[in-house]
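The block underneath contains the structure these notes are about, expressed in structure tokens.
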Amino acid sequence: MKAASLNLVLFGPPGAGKGTQAKQLVEKYKIPQISTGDIMRESIASGSEFGKKVQSFVSAGSLVPDQLVLDILIDRIVKPDCESGFILDGFPRTIPQADGLTAALQKQGKKINGVLAVMVPDEELIKRLTGRRICKKCGASFHLEFSAPSKSGICDHCGGELFQRKDDSFEVISNRLKVYHDQTSPLVEYYRGRNILHEISGKDKIEVIFSKVCDIIDGLRH
Ligand code: AMP
């Protein structure tokens, strides 16, 4: 095993704040965030063949078939910028994806060092997701009620335009949460059984969660 690499999974339901935490972890640990959701949205926007294949699943809030996501993910984690580690955000979401990931890493003499599970109850997630607004330019995330931008519809960081993700509508969110409970949450037991699961309450303030996540990561490195 290459002890130096820091291969992390940020796990949790949609709206738990994985993306927000991942962006800060990228800065601190200098390893890339790999968000399969972002890869899907970029592919759909670019009109690529892959984007056309996954579009209907993403709009419905359903999971893209395992093999399609796995192929893309495995191509991504062998890139040179993943040499010293990576933060997976939104992957794996099923047990076959987790098995596929383990097998792919094993071939490279690597493994997942830690799974950071950010847990938030459903009622809170619905409030967070329906009010979420994202910057078109830099991807920063805001909330109409909990972290509103200073100027309505405009990003505080780069002045970009804010938009609501199509799958953040109430109907699609309900499906995304159902999918999470049915297909993704069994991974909690899966990783607990492998002794790499670290649970963190996602109800605290962003800075508090970040500090807990960093303590766990620093513990993994010693
Ligand atoms: P996210 O931004 O992580 O909430 O992902 C948005 C959407 O992309 C999901 O609702 C799925 O349709 C698709 N997606 C992202 N990651 C995965 C994955 N690991 N497996 C299957 N579908 C995914």
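All residue numbers in this chain count up from 1 along the given sequence. As the structure lists them, so they are numbered: ligands from 1, and atoms in each ligand from 1.
The pair Asp167-Arg165 meets the salt-bridge criterion, with a side-chain N (NZ, NE, NH1 or NH2) lying under 4.0 Å from an Asp/Glu carboxylate O. A salt bridge links Arg41 with Asp38; the closest basic N to acidic carboxylate O contact falls under 4.0 Å.
Any N or O atom pair closer than 3.5 Å counts here, and Val69 shares no such pair with ligand 1.
Leu10 has its side chain within reach of Gln21: a pair of non-hydrogen atoms, C-beta onward, lies under 4.5 Å apart. Residues Leu162 and Ile154 form no side-chain contact, since every pair of their non-hydrogen atoms from C-beta on lies 4.5 Å or further apart.
In the displayed structure, Leu144 atom CG is contacted under 6.0 Å by more than 12 heavy atoms of other residues, nucleotides or ligands.
The shortest contact between atom 20 (N) of ligand 1 and any protein heavy atom is with Gln97 NE2, 2.8 Å. At the top of the distance list for atom 22 (N) of ligand 1, counting protein heavy atoms only, stands Val64 N, 3.0 Å. Closest to atom 16 (N) of ligand 1 among all protein heavy atoms lies Thr36 OG1, 2.8 Å. Atom 12 (O) of ligand 1 has as its closest protein heavy atom Ser62 O, 2.6 Å. What sits closest to atom 7 (C) of ligand 1 on the protein, heavy atoms only, is Val58 CG1, 4.1 Å.
When ring centroids are compared, Phe142 and His157 come within the 6.0 Å threshold.
Residue Gly90 approaches ligand 1 through these ligand atoms, each under 4.0 Å from one of its heavy atoms: 16 (N), 17 (C), 18 (C), 19 (N). Ligand 1 places these atoms under 4.0 Å from at least one heavy atom of Gly37: 1 (P), 2 (O), 3 (O), 5 (O), 15 (C), 16 (N).
The OG atom of Ser59 sits 6.0 Å away from the CD1 atom of Ile44 when rounded to the nearest 0.5 Å.
Note on ligand 1: Pro14 sits outside its first shell, no heavy atom being nearer than 4.0 Å.
Closest heavy-atom approach to atom 14 (N) of ligand 1 within the set Arg165, Arg176, Arg93: this belongs to Arg93. The residue among Met40, Arg41, Gln55, Lys18 with a heavy atom at the shortest distance from atom 6 (C) of ligand 1 is Arg41.
Not one N or O on the side chain of Ser211 forms a donor-acceptor pair closer than 3.5 Å with the backbone of Glu207.
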